[in-house]
Amino acid sequence: MTRDELIARYAAGPDDVAAALEGISDEGLDRRPGAGEWTAREVVHHLADSEATSYIRLRRLVAEDAPAIVGYDQDLWAQRLHYDAPIEPPLAVFTAVRAASTQLLRSVDAAAFSRAGTHDEHGVYSVTTWLEIYADHAHDHADQIRKARRGAA
């Protein structure tokens with residue numbers, strides 16, 4: 001995909017997640033598709049935390065020279081950060097933060113996409129790498145929500 005296509009796909013993520021959640025009941029939000037699999041509710045909380053983390057990563061990559069990008073244990077966060085809570089606040093965080101990052105991506109020059117740091121788990125990590133990962137992230141989780149609603153792992 002071209003950079004513009006990746007940005008458009010990234011920007012469309014919240015709409016795909018909203019479509020996956022449309023009309024979902026509390027029972028649907030809490031349906032666990034299999035042992036060790038996340039419920040739709042947990043996925044929404046993960047999206048908010050992941051997006052907030054990615055927001056900082058993107059800004060550090062654009063603003064700082066060779067920043068250190070630190071990973072996190074998403075399963076530990078899911079266990080300790082009350083992923084059983086209502087989804088409205090994290091869904092709002094996910095949507096707002098993604099809109100702000102989309103705005104930044106559309107405003108930086110082409111050279112910004114080559115700026116890179118070092119991710120402690122993945123090595124060299126550029127703005128382009130960041131975009132390639134996060135362009136699909138919400139769509140992948142929207143599919144996960146659809147599967148969880150059906151009770152399919």
Side-chain angles (χ1 to χ4, degrees), residues 1-21 29 32-148 153:
M1 277 190 220
T2 68
R3 182 178 305 130
D4 288 342
E5 289 169 335
L6 286 168
I7 293 170
R9 181 156 174 78
Y10 174 79
D15 290 339
D16 196 15
V17 171
L21 291 167
L29 281 169
R32 189 166 306 283
E37 299 291 325
W38 284 356
T39 66
R41 183 184 307 276
E42 291 166 336
V43 169
V44 171
H45 283 272
H46 163 74
L47 282 167
D49 285 340
S50 177
E51 202 66 33
T53 301
S54 75
Y55 177 90
I56 295 301
R57 289 176 177 171
L58 175 61
R59 278 147 183 80
R60 292 193 66 214
L61 289 166
V62 171
E64 299 175 16
D65 293 330
I69 305 297
V70 179
Y72 68 100
D73 184 337
Q74 66 183 19
D75 293 319
L76 183 63
W77 285 36
Q79 291 171 8
R80 294 187 177 171
L81 296 178
H82 301 283
Y83 278 20
D84 58 344
I87 66 167
E88 293 77 12
L91 194 56
V93 166
F94 164 66
T95 301
V97 170
R98 184 151 291 213
S101 291
T102 298
Q103 182 180 41
L104 177 61
L105 290 166
R106 289 181 173 150
S107 68
V108 296
D109 62 20
F113 288 86
S114 296
R115 295 185 56 78
T118 303
H119 193 294
D120 65 352
E121 296 169 343
H122 305 291
V124 176
Y125 193 84
S126 69
V127 173
T128 296
T129 302
W130 179 98
L131 180 56
E132 290 169 347
I133 292 167
Y134 286 101
D136 285 333
H137 188 247
H139 299 283
D140 292 344
H141 282 303
D143 289 342
Q144 186 180 8
I145 290 167
R146 290 181 187 96
K147 289 176 185 176

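Side chains are part of it too, since the values below use all heavy atoms of this structure and drop only hydrogens, waters and symmetry mates. The structure presented is a predicted model; accordingly, all values stated were derived computationally and were not measured. Starting from 1, each residue takes its place in the sequence as its number.
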**OP:** Please list all pairs passing the side-chain hydrogen bond (donor to acceptor under 3.5 Å, both in side chains) test where one or both residues lie in residues 3-19, with sequence neighbours left out.
**Re:** Thr2-Glu5, Arg9-Asp136, Tyr10-Glu51, Asp16-His139, Asp16-Arg146
**OP:** State the OG1-CG distance between Thr129 and Leu61, to the nearest 0.5 angstrom.
**Re:** 9.0 Å
Original post:
With a 4.5 Å heavy-atom cut-off, do Val17 and His141 have their side chains touching?
Top reply: no
**OP:** Apply the test side-chain contact (heavy atoms from CB on, under 4.5 Å) to residues Leu29 and Thr39: give CA-CA distance (whole Å), side-chain angles for both, the deciding distance (0.1 Å), then the verdict.
**Re:** CA-CA 6 Å; Leu29 281 169; Thr39 66; over 6 Å; no
Original post:
Taking it one step at a time, do Leu105 and Leu58 satisfy side-chain contact (heavy atoms from CB on, under 4.5 Å)?
Top reply: CA-CA 9 Å; Leu105 290 166; Leu58 175 61; 4.1 Å; yes
Original post:
Looking at Phe94, is Arg98 sitting on its ring face, NZ or CZ under 6.0 Å from the six-membered ring centre and within 45 degrees of the normal?
Top reply: no
Original post:
So which pairs with a foot in residues 68-94 pass side-chain hydrogen bond (donor to acceptor under 3.5 Å, both in side chains), sequence neighbours left out?
Top reply: Asp49-Tyr83
Original post:
Of all heavy-atom pairs between Val70 and Arg57, which one has the smallest distance, and what is that distance?
Top reply: O-NH2, 3.0 Å
**OP:** Output the distance between atom CG (Leu91) and atom NE2 (His45), rounded to the nearest 0.5 Å.
**Re:** 9.5 Å
**OP:** Enter the distance from Ile133:CD1 to Leu6:CG here, rounded to the nearest 0.5 Å.
**Re:** 11.5 Å
Subject >> Non-hydrogen atoms of Ala116 and Val124 that approach each other most closely >> reply: CB-CG1, 4.2 Å
Original post:
Does Thr128 use its side chain to pair, donor to acceptor, with the backbone of Phe113 at less than 3.5 Å?
Top reply: yes
Original post:
What pairs meet the side-chain hydrogen bond (donor to acceptor under 3.5 Å, both in side chains) rule with one or both residues in residues 106-124, with sequence neighbours excluded?
Top reply: Asp65-Arg115
**OP:** Evaluate side-chain contact (heavy atoms from CB on, under 4.5 Å) for His137 paired with His46, printing each intermediate quantity in order.
**Re:** CA-CA 11 Å; His137 188 247; His46 163 74; 3.2 Å; yes
Subject >> For Ala20 against Ala142, the heavy-atom pair lying closest together >> reply: CB-O, 3.6 Å
Original post:
Which pair of heavy atoms, one from Ala138 and one from Gly13, lies closest together, and at what distance?
Top reply: CB-CA, 3.7 Å
Subject >> Closest heavy-atom pair and its distance - Pro86, Pro89 >> reply: O-CD, 3.9 Å
**OP:** Taking all non-hydrogen atoms of both residues into account, name the closest pair between Ala112 and Val127 and its distance.
**Re:** O-CG2, 3.2 Å
